[in-house]
2 protein chains.
Amino acid sequence: MARTIGSDGEKTEAAIREAAVNLIARHGYEAVSMRRLAAEVGVQAAALYRYFPTKEELLFTLMREHMEELIAAWRAADPGPADSAARLAAFVRNHIVFHVARRHATHVSNMELRSLSPVRLTAVLRLRATYEKELRGILRTGAAAGAFTVDDPALTAMAIIQMITGVIVWFRPDERLSVREVADKYHTMTMRLVAAAGHAEEKNVHAHDAVRAG
Amino acid sequence: MARTIGSDGEKTEAAIREAAVNLIARHGYEAVSMRRLAAEVGVQAAALYRYFPTKEELLFTLMREHMEELIAAWRAADPGPADSAARLAAFVRNHIVFHVARRHATHVSNMELRSLSPVRLTAVLRLRATYEKELRGILRTGAAAGAFTVDDPALTAMAIIQMITGVIVWFRPDERLSVREVADKYHTMTMRLVAAAGHAEEKNVHAHDAVRAG
DNA sequence: GCAATAATAAAACGAACGTTCAATTAATTC
DNA sequence: GAATTAATTGAACGTTCGTTTTATTATTGC
């Protein structure tokens with residue numbers, strides 16, 4: 001046999017990407033062989049090489065596009081710097097909605113960095129840094145404007161990103177909570193984390209004040 | 001050649017464990033071959049099988065012992081349920097100090113779950129659940145006592161654990177911050193997150209504030 | 001110092017790996 | 001409907017994998 005009836009390059013490539021994301025997210029990049037991936041697609045291993053020159057290039061493509069889409073989603077959702085609290089809220093919500101909708105791709109992007117060669121690793125890390133810089137900027141601007149209390153924007157940005165990315169570890173759709181509810185709860189926690197004005201808790205009537213325990 | 005001069009089972013096993021944690025943390029379980037591990041130890045691959053019957057059993061041993069040590073460290077650090085805020089503080093600090101000191105082992109425990117067979121996976125997850133249950137208990141008790149404001153203890157526990165475990169992603173010793181300082185900052189953020197009474201922020205008095213722009 | 005045992009090397013096993021290549025067939029173009 | 005192009009197969013390449021077996025040497029106990 002050779003070319004199969006109904007075969008179509010575009011469809012095959014899409015099927016390869018989807019199967020690759022699912023398999024790699026579940027079993028890990030190293031544990032997924034080209035043969036296994038091909039079998040999932042319903043094709044022979046050699047056919048994969050018509051679409052991706054190497055296994056690593058396939059991984060890299062998945063990760064790069066995931067990061068680019070994340071950044072694009074944020075650019076579309078960004079309400080601009082006028083209101084820091086609204087901007088932070090938009091960031092948290094966009095992040096959670098995006099990641100929950102792409103659980104597997106997120107897992108791949110977060111777990112398989114070590115399987116990339118230095119050049120490709122750098123490229124992905126640059127995209128990641130671009131995204132994280134957005135959050136740092138929000139925190140700095142908001143702190144300067146008095147909307148937040150953030151004593152270390154870089155550290156706080158990492159803490160928030162890890163907290164909100166962690167959703168995908170435990171969240172499963174069609175369970176207890178909807179994506180909307182989860183986003184709400186993480187939004188609330190984030191606002192408390194940066195001590196956002198307007199999100200004051202009832203406790204501060206007596207206020208022992210900033211406990212920073214240096 | 002066969003047995004080498006100065007060879008000692010205990011030392012070899014310790015060397016295997018250490019090398020395995022380092023290599024697996026850096027390159028991933030699947031990417032580390034028994035030959036490569038053996039080379040790192042300075043031994044032939046066959047020698048590894050005197051200490052661990054299979055590669056997976058080696059991984060499982062590393063993960064199980066890491067979790068058991070984490071739980072034991074918490075039991076030793078636990079100040080008891082009298083003061084919820086103090087207990088949560090102890091939990092956060094113990095977690096961060098423990099994980100920073102064992103960055104590689106933590107990476108292995110967090111990233112290689114998927115390489116375990118079902119039986120061993122269940123065993124590790126049970127230990128993990130035991131640990132997480134501790135934090136949920138602290139949050140519930142504290143919320144019931146009015147020390148915290150937590151509307152969803154299970155979700156909040158996951159958020160906190162992911163936030164404080166994330167330290168190992170970016171933290172490097174002998175850099176900007178000491179472990180102590182990092183633990184302090186995460187402690188402060190955690191207390192805000194649960195809206196701990198006595199941790200009120202000064203913001204609501206005048207609203208402008210310390211921007212430290214790290 | 002001799003027997004017993006512990007620790008390792010060396011070689012080999014079949015299986016699986018990523019990748020390449022030539023052959024073959026389906027779809028498209030004119 | 002012939003020529004061209006697109007899509008895929010099937011077989012094969014050399015390499016590496018986890019693991020086993022057997023032989024050999026160092027150490028230990030008496």
Side-chain angles (χ1 to χ4, degrees), chain A residues 1-21 23-24 26-63 108 112 114-117 119-120, chain B residues 1-21 23-24 26-63 108 112 114-121:
Chain A
M1 255 189 291
R3 178 164 188 169
T4 54
I5 61 171
S7 62
D8 176 342
E10 277 191 40
K11 287 181 183 171
T12 303
E13 179 170 349
I16 292 171
R17 285 164 183 262
E18 190 189 333
V21 166
L23 285 178
I24 295 173
R26 268 207 291 275
H27 309 288
Y29 172 77
E30 299 277 357
V32 176
S33 70
M34 295 299 265
R35 284 171 179 82
R36 191 170 171 189
L37 170 57
E40 187 83 6
V41 176
V43 104
Q44 291 298 314
L48 303 178
Y49 289 85
R50 164 162 280 270
Y51 304 95
F52 300 96
T54 64
K55 190 187 178 190
E56 196 202 321
E57 190 69 35
L58 166 57
L59 174 64
F60 175 63
T61 300
L62 298 176
M63 295 178 69
V108 173
E112 305 297 347
R114 61 189 172 197
S115 295
L116 293 177
S117 60
V119 178
R120 289 187 262 253
Chain B
M1 253 190 292
R3 179 167 188 169
T4 55
I5 60 172
S7 63
D8 175 344
E10 276 192 41
K11 287 181 185 173
T12 302
E13 179 170 350
I16 292 172
R17 285 164 183 261
E18 191 190 331
V21 167
L23 285 179
I24 295 174
R26 267 207 292 274
H27 309 287
Y29 171 76
E30 298 277 357
V32 176
S33 70
M34 294 300 266
R35 286 171 178 83
R36 191 171 172 189
L37 170 58
E40 186 84 5
V41 176
V43 105
Q44 291 298 314
L48 304 177
Y49 288 84
R50 166 159 280 269
Y51 303 95
F52 300 95
T54 64
K55 190 187 177 191
E56 196 202 321
E57 190 68 35
L58 166 56
L59 173 65
F60 175 63
T61 300
L62 298 176
M63 296 176 70
V108 172
E112 306 297 347
R114 61 191 171 196
S115 295
L116 293 176
S117 61
V119 178
R120 287 186 263 252
L121 173 62

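Heavy-atom basis, side chains included; hydrogens, waters and symmetry copies ignored. Quick note on labels: first sequence line is chain A, next is B, and so on, each numbered from 1.
- Contact check, A:Tyr51 against D:dA7: no side-chain N or O comes under 4.0 Å of OP1 or OP2.
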Acceptor/donor pairs from residues 26-33 of chain A side chains to any protein atom, 3.5 angstrom cut, sequence neighbours excluded:
{"from": "A:His27", "atom 1": "NE2", "to": "A:Arg36", "atom 2": "NH2", "distance (Å)": "3.1"}
{"from": "A:Tyr29", "atom 1": "OH", "to": "A:Glu56", "atom 2": "N", "distance (Å)": "3.1"}
{"from": "A:Ser33", "atom 1": "OG", "to": "A:Arg36", "atom 2": "N", "distance (Å)": "3.1"}

All N/O donor-acceptor pairs, side-chain side in residues 37-49 of chain A, below 3.5 Å, sequence neighbours left out:
none

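- To the nearest 0.5 Å, the span separating OH on B:Tyr51 from CG on B:Leu58 amounts to 13.0 Å.
- Residues forming a side chain to side chain contact (heavy atoms under 4.5 Å, CB included) with B:Glu57 (at least two apart in sequence, or on another chain): B:Pro53, B:Thr54, B:Phe60, B:Thr61, B:Arg120.
- Separating the CZ atom of A:Arg50 from the C1' atom of C:dT24 is a distance of 13 Å, rounded to the nearest angstrom.
- Rounded to a whole Å, the CG atom of A:Leu59 is 15 Å from the C1' atom of C:dG18.
- Between B:Thr12 and C:dT8, a side-chain N or O to OP1/OP2 separation shorter than 4.0 Å is present.
- How far CG of A:Leu62 is from CD1 of A:Ile16: 10.5 Å, rounded to the nearest 0.5 Å.
- Note: CD (A:Glu57) to P (C:dG18) measures 16 Å, nearest angstrom.
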Are any protein N/O atoms closer than 3.5 Å to N/O atoms in nucleotides 18-21 of chain D? If there are, list each pair with its distance.
{"from": "D:dG18", "atom 1": "OP1", "to": "B:Lys55", "atom 2": "NZ", "distance (Å)": "2.8"}
{"from": "D:dG18", "atom 1": "OP2", "to": "B:Met34", "atom 2": "N", "distance (Å)": "2.8"}
{"from": "D:dG18", "atom 1": "N7", "to": "B:Arg35", "atom 2": "NH1", "distance (Å)": "2.7"}
{"from": "D:dG18", "atom 1": "O6", "to": "B:Arg35", "atom 2": "NH2", "distance (Å)": "2.7"}
{"from": "D:dT19", "atom 1": "OP2", "to": "B:Tyr49", "atom 2": "OH", "distance (Å)": "2.8"}
{"from": "D:dT19", "atom 1": "OP2", "to": "B:Lys55", "atom 2": "N", "distance (Å)": "2.8"}
{"from": "D:dT19", "atom 1": "O5'", "to": "B:Tyr49", "atom 2": "OH", "distance (Å)": "3.4"}

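- When the C1' atom of C:dT19 is taken as reference, atom CZ of A:Phe52 falls 16 Å away, rounded to whole Å.
- Taking the side-chain hydrogen bond (donor to acceptor under 3.5 Å, both in side chains) definition, one finds that B:Arg114 meets it with A:Glu112, sequence neighbours left out.
- Atom-to-atom, CD of A:Glu10 to P of C:dA27 comes out at 16 Å; the value is rounded to the nearest Å.
- Regarding A:Gln44, its CD atom lies at a distance of 9 Å from the P atom of D:dA11, rounded to whole Å.
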